[in-house]
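Every chain is numbered from 1 and lettered A, B, ... according to where its sequence line falls, protein lines coming before strand lines.
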Amino acid sequence: ASQMADDFINPTPIVREVDRQGRRAARSLQEALEDEDAPIDAEEIFELIRDIKDPEHPYSLEELNVVQAADVSVVDARDGLSSISVVFTPTVPHCSMSTLIGLCIRVKLLRSLPPRFKLSVTVAPGSHSSELALNKQLNDKERVAAALDNGNLINVVNECLTALQAPAHG
Amino acid sequence: KEMRLLELARLTGHTERAWCVAWHPQGNILASCSSDKTIRLWRREGEQWICSIKLEDGHERTIRQLSWSRDGVFLAAASFDGTTSIWKRDGAGYDCVATLEGHENEVKSVAWDPSGSYLATCGRDKTVWIWDVETEGEYECAAVLHGHSQDVKMVKWHPSRPILFSCSYDDTIKLWAQVGDDWACIDTLLGHESTVWALDFFSDGFSFVSCSADQTLRFWQCPQTPGVVVRDADMKFSNVRTLSGFHPRCIFTCSVSSHSGAVATGGEDDAIRIFAQLPEHDGQIGLVATQEKAHAFDVNSVAWNPAVPNVIASCGDDRIVKIWQVV
């Protein structure tokens, strides 16, 4: 809070109002995973990531328009390869927090879903000055694994994953 | 003829993702390592495979990769904790006889050279290190090699020459050899369009295969003229064939059978595939077997048994180590 506004990568982000009341009464994730007839859908995946806190602002990724339901896609094939793709949009094209945001999204999904889901987390085309490098790094399983057994980094990730866990309804 | 994989053993014990399997040169012991920071040695007892030894306390973080010395006396382990440990057989057990330090962060691969004179390591700090193996238990850094522009995923020595091959996140494969008194990069192989995860040699030493996040397998060959001896520094490999469209996601691992020349691969699609020369296609290499869902999740490592033909070991994100018979 004592940080000067000038220190922010994006000091004045556009914050959109989020209707937390309007959320659908979702089945629990566990129910969804076990439901043979109605596989996991994109909306349920979006539900997992919308409240992740931005690393530098007290807002959620949804409030900053970094993640949107339309940018999540899911293939839930019980007898084949299941995959999830999340495309996120950094608020500014030189955002150095993008790796951390991508890592937070990936960790949230890794912790919530069984590993049969193949995850792809990428930045939206044209949204970042180092798009290719960023996408490659976020999807290298060895780098992600190494990052996750780095204590300092995982603390920062955990902070972003838990800060907004209990949103004030209304 | 159609081939298939028969599951001989399903070995449980690792409590986190299993990264690598490595056969003892005699083919009777299988070593595996994991994010659970342990190395397990498996051997056959009657009809069962059992975990005979668990090596703990060697590393503080993930153990990424293992390499046996050719005489089978030493086992080296590369770890994300930045060190490489050397284990020596002592009677029925193994003792940690050395810990090599120097890399700035994660060590991703380690390899003994065929003569037992050198060890190589590589890691996220983009460097490749060559270590002189001196008297027992002493390892002297002979060279720190810069050249890759990104982290180095794997090092592997040529099967009969002191040439080191390294593959990298920078999409290239580099060859390193002694030029005069110094180690230097003697060639850089371009072709893969994403991270090169692994490579393995055919036993003649004039060809090898590499696999990549670009979902291809590439075959590389060094031309030979009968009666002409190729010097180490003159070995020039070129990409003679590329196989794509078989693995729909990253290919993390490849292993060449020293008995048949067949190539086993595994990757992010949870499958193991086997490629071999097809007589009906003039000896061109093609797919001969697929084991879908070989592991419940990603397959991280496959290795042909060096002594027993048609036997493969594998391990994956499901924490399981498996042994397969190819029939």
Salt-bridge present ([X], [Y]; N to O < 4.0 Å):
{"X": "A/Lys118", "Y": "B/Asp270", "answer": "yes"}
{"X": "A/Arg116", "Y": "B/Asp318", "answer": "no"}
{"X": "A/Glu142", "Y": "B/Arg124", "answer": "no"}

What are the two closest non-hydrogen atoms of [X] and [Y], and how far apart are they?
{"X": "A/Ala133", "Y": "B/Tyr169", "answer": "O-OH, 4.1 Å"}
{"X": "A/Ala146", "Y": "B/Arg61", "answer": "O-NH2, 2.9 Å"}
{"X": "B/Arg17", "Y": "A/Ala145", "answer": "NH1-CB, 3.3 Å"}
{"X": "B/Arg249", "Y": "A/Leu119", "answer": "NH2-O, 4.3 Å"}

What part of [X] gets within 4.5 angstrom of chain A, counting heavy atoms only: side chain, backbone, both, or neither?
{"X": "B/Asn105", "answer": "neither"}
{"X": "B/Phe297", "answer": "both"}
{"X": "B/Asp317", "answer": "side chain"}
{"X": "B/Ser194", "answer": "both"}

How about [atom1] on [X], more than 12 heavy atoms from neighbouring residues, nucleotides or ligands closer than 6.0 Å, or not?
{"X": "B/Phe246", "atom1": "CZ", "answer": "yes"}
{"X": "A/Arg16", "atom1": "CZ", "answer": "yes"}
{"X": "B/Glu60", "atom1": "CD", "answer": "no"}

Got a second to check how far [X]'s [atom1] is from [Y]'s [atom2], nearest 0.5 Å?
{"X": "A/Asp140", "Y": "B/Trp197", "atom1": "CG", "atom2": "CH2", "value": "4.0 Å"}
{"X": "B/Trp19", "Y": "A/Lys141", "atom1": "CH2", "atom2": "NZ", "value": "5.0 Å"}
{"X": "B/Glu16", "Y": "A/Asp149", "atom1": "CD", "atom2": "CG", "value": "8.0 Å"}

**OP:** Heavy-atom pairs under 4.5 Å with chain A are the metric here; pick the option from B/Lys153, B/Glu292, B/Glu106 that has the most.
**Re:** B/Lys153

